[in-house]
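Shown next, in structure tokens, is the structure this report addresses.
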Amino acid sequence: MEEMKKLSKFYIFPVLYVISSYLALSNIFNGQKGSLYALMFLSPFIFGILNIVVCVRCCKPEYRDIMITSAAIVKYCMVPFFVIGGFLVAGSFISGFIIPVPPMFLVGTSIALILCAAGWLVVAFGSPYTISYVVLSQREGRIYKGMAVFHIILQFFFTFDVIDVICLSFKAKRNIKMTILAIVLIVVSFISVIALVLFVLFQIITG
């Protein structure tokens, strides 16, 4: 029992990573400057490095189930983050075409590319838990080496990484309720994005 309580404290790391990511995102909206806000913006990358260190040190059989739960916490909780980020990228890119000022095309495109790069880094730094779980499963013979490589590659592509964690969770029979909730969230987000795109297109067409 004491050992399980000790292991459960591990979850503070993925939770801190999620919180730091949303703090960084909120910093984009409040537009504040200063060392504190700069630290908030960099915090996902700081905690991302911590993720890597922790996962390397704890890549042990007794942490296998904890790793898949930690992966689910990160990937599922970050779905709204990337939906909002997707709107920011789309808005930046589209503004470069809509605003009738010549430099805005370069500015809008540049901002969109920077946001995409930052978003990809957030995806990458949130992937060590899944990778550690896959490595441990491969060592135990639960996953073939080729499939393990495939799972690891998927972790660096948003949407595919979440779907992959959903599949791994169902296969491991872990986090089932959390996974079902994540599926509902993804479906609602997908429908919301389509509805918003159609609304914007309708507004443009109708003038």
Side-chain angles (χ1 to χ4, degrees), residues 10-11 13-25 28 41-59 63-90 92-93 109-140 142-172 174-175 178-179 182-183 185-187 189-190 193:
F10 184 93
Y11 295 127
F13 297 108
V15 170
L16 285 174
Y17 182 71
V18 171
I19 293 172
S20 68
S21 298
Y22 280 99
L23 285 176
L25 182 63
I28 294 177
F41 188 77
L42 293 173
S43 59
F45 310 112
I46 296 171
F47 282 107
I49 294 172
L50 179 63
N51 281 348
I52 296 172
V53 173
V54 168
C55 287
V56 170
R57 291 178 61 86
C58 298
C59 193
Y63 284 93
R64 189 174 65 84
D65 290 340
I66 290 177
M67 287 297 180
I68 187 61
T69 300
S70 297
I73 291 171
V74 172
K75 296 298 183 178
Y76 298 166
C77 291
M78 293 298 286
V79 170
F81 176 94
F82 285 104
V83 171
I84 297 170
F87 283 129
L88 290 175
V89 170
S92 300
F93 187 74
T109 304
S110 298
I111 293 175
L113 290 175
I114 291 171
L115 289 174
C116 284
W120 184 84
L121 287 174
V122 171
V123 170
F125 279 124
S127 298
Y129 299 106
T130 315
I131 294 172
S132 184
Y133 171 77
V134 169
V135 170
L136 288 169
S137 297
Q138 193 275 321
R139 287 176 182 173
E140 295 176 2
R142 298 171 184 267
I143 299 176
Y144 293 112
K145 186 175 293 186
M147 186 58 68
V149 172
F150 179 67
H151 283 301
I152 291 172
I153 291 173
L154 289 180
Q155 291 308 302
F156 296 95
F157 297 91
F158 180 67
T159 301
F160 292 105
D161 63 332
V162 179
I163 294 172
D164 190 45
V165 170
I166 288 173
C167 294
L168 288 171
S169 295
F170 275 125
K171 184 176 180 180
R174 300 279 300 181
N175 319 306
M178 192 193 310
T179 300
I183 293 172
L185 180 61
I186 291 170
V187 172
S189 300
F190 183 72
V193 170

Would you name the heavy atoms of [X] and [Y] that are closest together and state the gap between them?
X: S137; Y: R64; value: OG-CD, 3.9 Å
X: V74; Y: V18; value: CA-CG2, 3.9 Å
X: C59; Y: R139; value: O-NH1, 3.5 Å
X: A24; Y: P44; value: CB-CG, 3.6 Å

Residues that A148 engages under side-chain contact (heavy atoms from CB on, under 4.5 Å), provided they are two or more places apart:
V134, Q138, I143

Hey, what do you get for [atom1] ([X]) to [atom2] ([Y]), rounding to the nearest 0.5 Å?
X: C58; Y: Y129; atom1: SG; atom2: OH; value: 9.0 Å
X: L136; Y: R142; atom1: CG; atom2: CZ; value: 10.0 Å
X: L23; Y: L42; atom1: CG; atom2: CG; value: 12.5 Å
X: I66; Y: Y11; atom1: CD1; atom2: OH; value: 4.5 Å
X: H151; Y: T130; atom1: NE2; atom2: OG1; value: 10.5 Å
X: F10; Y: T69; atom1: CZ; atom2: OG1; value: 10.5 Å

N/O donor to acceptor pairs below 3.5 angstrom from side-chain atoms of residues 114-128, sequence neighbours left out:
{"from": "W120", "atom 1": "NE1", "to": "F156", "atom 2": "O", "distance (Å)": "2.9"}
{"from": "S127", "atom 1": "OG", "to": "K75", "atom 2": "NZ", "distance (Å)": "3.0"}
{"from": "S127", "atom 1": "OG", "to": "V123", "atom 2": "O", "distance (Å)": "2.8"}
{"from": "S127", "atom 1": "OG", "to": "Q155", "atom 2": "O", "distance (Å)": "2.8"}

Determine the sole option in Y17, F81, F47 for which the ring pair (Phe, Tyr, Trp, His ring centres under 6.0 Å) test with Y22 is passed.
F81

Please collect all salt bridge (charged side-chain N to carboxylate O under 4.0 Å, His left out) contacts where either partner lies in residues 14-23, sequence neighbours excluded, each pair once.
none

Could you check whether any side-chain N or O of Y76 sits under 3.5 Å from a backbone N or O of T179, counting only pairs where one atom can act as donor and the other as acceptor?
no

Looking at T159, is its backbone amide N or carbonyl O close enough to the side chain of D161 to form a donor-acceptor pair, meaning the two atoms are under 3.5 Å apart?
yes

With heavy-atom distances below 4.5 Å as the criterion, would you say the side chains of I186 and I166 are in contact?
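Heavy-atom side-chain distance check passes, below 4.5 Å.
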
Is it true that atom CZ of F150 has more than 12 heavy atoms of other residues, nucleotides or ligands lying nearer than 6.0 Å?
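No.
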
May I have the step-by-step check of side-chain contact (heavy atoms from CB on, under 4.5 Å) for L88 and L25, ending in yes or no?
CA-CA 10 Å; L88 290 175; L25 182 63; 4.0 Å; yes

